[in-house]
Amino acid sequence: MLVNTDTNDNNILHIGFDDTDSTLGKCTTHLAFKITSYLYKKNVKFLDYPLLIRLNPNIPWKTRGNGAVCLRIMTKANNNENIIDFIKNELEKNSEIGKGANPGLVCLQSKEIPDEIKQFHRLAMFDILSKQKATKLAQKYNLKYFSFGNGQGLVGAIAAIGCLLNSDHTFEILTYRKFENCGTLRIIDPVNVIRLHNTTFPSTFNSYDYIHKRVLILPHGPDPVFCGIRGEDPQVLHNSLKILEIKEDLAGYMIYRSNQGTGMHLQNELKLSMIKSFTSGYVNCVIVTNPQIIQGGHVLFTVEDQLKNMCLAVVYEPTGLTKIASQLHTGDQIEIGFGVRKATSKHSKVLNIEYIFIQQLAQIYNTVNPVCINCNKRMKSEGKNKGYQCKKCKIIDKNCKKVLLIKTRFLKKGLYVPTLKAHRHLTKPFHRYGKEKTKFFEFGNVELYPKWFERFG
Ligand code: ATP
């Protein structure tokens with residue numbers, strides 16, 4: 001069944017908000033849960049799942065995962081002032097303003113999203129954008145906007161609205177704790193998490209790390225999220241809650257559509273001559289210095305792009321990619337996804353590697369002494385330009401030279417991604433490569449899974 005959105009533009013409201021939390025508490029998705037509860041009661045139509053959009057993960061001022069939220073709704077009244085007022089008040093009340101949060105709220109009243117706002121989102125995935133640019137855009141398109149603190153939250157709020165997520169996407173069900181339980185230990189039976197993984201993977205993913213025997217669905221901070229399960233299908237995610245047999249009395253849950261697990265921040269090819277600190281992207285390059293293992297087990301090497309610009313690249317030990325990286329060799333052709341670490345007084349900019357795709361392995365050689373034509377033994381050098389002598393049959397050959405032997409490379413061409421415990425929100429898990437969703441997801445034209453949201457009690 002399709003939802004009819006053929007209506008007055010003023011009935012459609014896109015609500016974006018960001019930067020409500022600090023490391024001390026609060027959570028932007030919990031605010032989204034509260035606002036959704038309010039809108040649900042008001043009987044508005046949700047034209048899409050709430051969107052949980054992760055933006056450039058390499059910006060230095062993020063609290064945790066650089067996440068922003070967008071809600072797309074259709075209201076009955078032409079005047080959305082009450083809704084906007086409510087959200088603004090909630091944002092102000094539920095943000096850690098003065099303790100590190102700089103919340104922003106943006107509302108766009110229109111069916112169409114201006115191309116410039118979509119472009120703003122594209123840039124926010126890998127570049128650094130200013131709040132001035134965000135404000136100008138809000139003014140140009142007559143958006144209702146509010147910001148607190150230093151106003152940086154406007155960037156995430158507009159970017160979230162501009163993210164249509166109409167090709168690859170994933171889902172996450174977040175369950176929320178009651179206020180009185182926040183800060184207490186989250187208790188879940190790991191056996192149930194393993195069962196969840198075994199019965200639903202790859203429809204759900206990143207729930208359990210078999211290598212390190214770790215449950216991955218529980219956050220660790222004082223925030224109100226009890227657990228989060230990621231996957232490809234809202235119904236499977238909803239059913240997952242039954243498998244987990246959660247004992248804690250929860251406040252409710254909400255299913256988000258998200259760019260988590262899509263690698264969206266690394267989709268732009270960057271030129272090494274133009275890379276800026278804190279940006280993210282990928283480059284096709286050749287290795288020009290052999291890898292060096294440094295203190296901490298990290299691996300460093302220099303790469304050169306097609307325009308012959310060079311840059312230092314590092315593979316950090318926790319990624320689990322250092323064993324592979326240390327076997328790379330000059331001349332190897334690779335594609336790497338990276339975030340740019342800023343230059344310091346000790347080093348220039350460095351590419352922090354997030355994946356390695358080995359395209360071509362260079363042939364490398366060992367130089368060895370020639371073999372005696374009589375007895376097939378390796379000969380010994382007689383000194384520079386004096387030829388070689390066989391130790392066994394004493395033959396001297398003044399003309400023979402060292403020979404090159406092709407060295408066996410134990411590396412295999414292909415894609416290498418970080419180990420599960422080093423995944424960032426946007427990291428595309430290995431199993432999702434080639435399985436990306438391509439179906440066009442047009443908000444308003446899709447029926448949502450009916451149990452995408454529930455508030456208990
Ligand atoms: P959480 O994941 O727990 O919600 P967070 O990591 O999202 O927290 P925020 O508190 O939202 O952190 O802080 C991120 C800040 O960076 C916001 O103010 C957001 O507007 C801003 N921001 C996001 N992307 C960019 C970007 N590409 N350029 C500049 N600022 C950005």
Side-chain angles (χ1 to χ4, degrees), residues 15-35 50-71 91 94-106 117-138 143 145-163 172 174 176 182 218-225 228 230 254 256 258-261 264-268 270 275-281 339-340 342 423-427:
I15 307 157
F17 47 94
D18 191 10
D19 207 339
T20 63
D21 48 0
S22 74
T23 45
L24 303 171
K26 305 278 187 195
C27 164
T28 305
T29 76
H30 187 247
L31 179 62
F33 176 64
K34 273 188 161 179
I35 295 171
L51 302 183
L52 172 52
I53 307 301
R54 302 285 176 180
L55 302 166
N56 182 1
N58 295 308
I59 61 155
W61 49 80
K62 63 175 183 171
T63 312
R64 283 176 292 243
N66 201 9
V69 171
C70 172
L71 305 172
L91 185 88
N94 291 287
S95 298
E96 295 271 284
I97 302 168
K99 295 185 200 154
N102 299 294
L105 166 66
V106 174
I117 294 185
K118 293 181 201 161
Q119 176 63 5
F120 189 82
H121 162 256
R122 263 175 238 127
L123 291 172
M125 287 309 302
F126 71 96
D127 207 345
I128 302 282
L129 302 174
S130 68
K131 61 186 174 209
Q132 287 79 3
K133 195 170 175 168
T135 313
K136 267 196 193 151
L137 209 54
L143 312 185
Y145 67 96
F146 307 92
S147 65
F148 305 91
N150 70 14
Q152 191 66 27
L154 274 186
V155 172
I158 297 186
I161 286 182
C163 181
E172 179 162 16
L174 288 180
Y176 294 101
C182 292
L218 301 181
H220 300 287
D223 57 283
V225 173
R230 291 176 184 189
M254 190 148 101
Y256 293 83
S258 180
N259 59 354
Q260 293 174 151
M264 199 188 241
H265 62 310
L266 301 177
Q267 284 173 4
N268 288 287
L270 302 181
I275 49 165
K276 288 192 289 178
S277 305
F278 312 125
T279 54
S280 317
V340 183
K342 75 165 186 185
H423 276 203
R424 314 175 92 174
H425 293 291
L426 280 159
T427 305

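Just so you know, these numbers use all the heavy atoms, side chains as well, and skip hydrogens, waters and symmetry mates. Everything numeric here is computed off the predicted structure, so don't read it as measured data. Atoms within each ligand, like the ligands themselves, are counted from 1 in listed order.
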Sort out for me which residue in R64, R230, E172 forms a side chain to side chain donor-acceptor pair (under 3.5 Å) with H425. R230

Would you say [X] and ligand 1 have an N/O pair spaced under 3.5 Å apart?
X	value
G67	yes
L129	yes
Q152	yes
I128	no

With heavy-atom distances below 4.0 Å as the criterion, list the atoms of ligand 1 near [X].
X	result
G65	2 (O), 6 (O)
G153	18 (O), 20 (O)
R54	2 (O)
D19	9 (P), 10 (O), 11 (O), 13 (O), 15 (C), 17 (C), 18 (O)
L55	23 (C), 24 (N)
G156	19 (C), 20 (O)

I158, D127, N56, L154: member with heavy atom nearest to atom 26 (C) of ligand 1: D127

Going by heavy-atom distance to atom 24 (N) of ligand 1, choose the closest among N58, N66, L31. N66

Between [X] (side chain) and [Y] (backbone), is there a donor-acceptor pair under 3.5 Å?
X	Y	answer
T29	A32	no
D19	N102	yes
N66	P57	no
N56	N58	yes

Please indicate whether K118 has more than 12 foreign heavy atoms, meaning atoms of other residues, nucleotides or ligands, lying under 6.0 Å from its NZ. yes

Minimal heavy-atom distance between T135 and K131, with the atoms involved, is OG1-O, 2.6 Å

Quick one: sort the Y176 and F33 rings into parallel, tilted or perpendicular, breaks at 30° and 60°. parallel

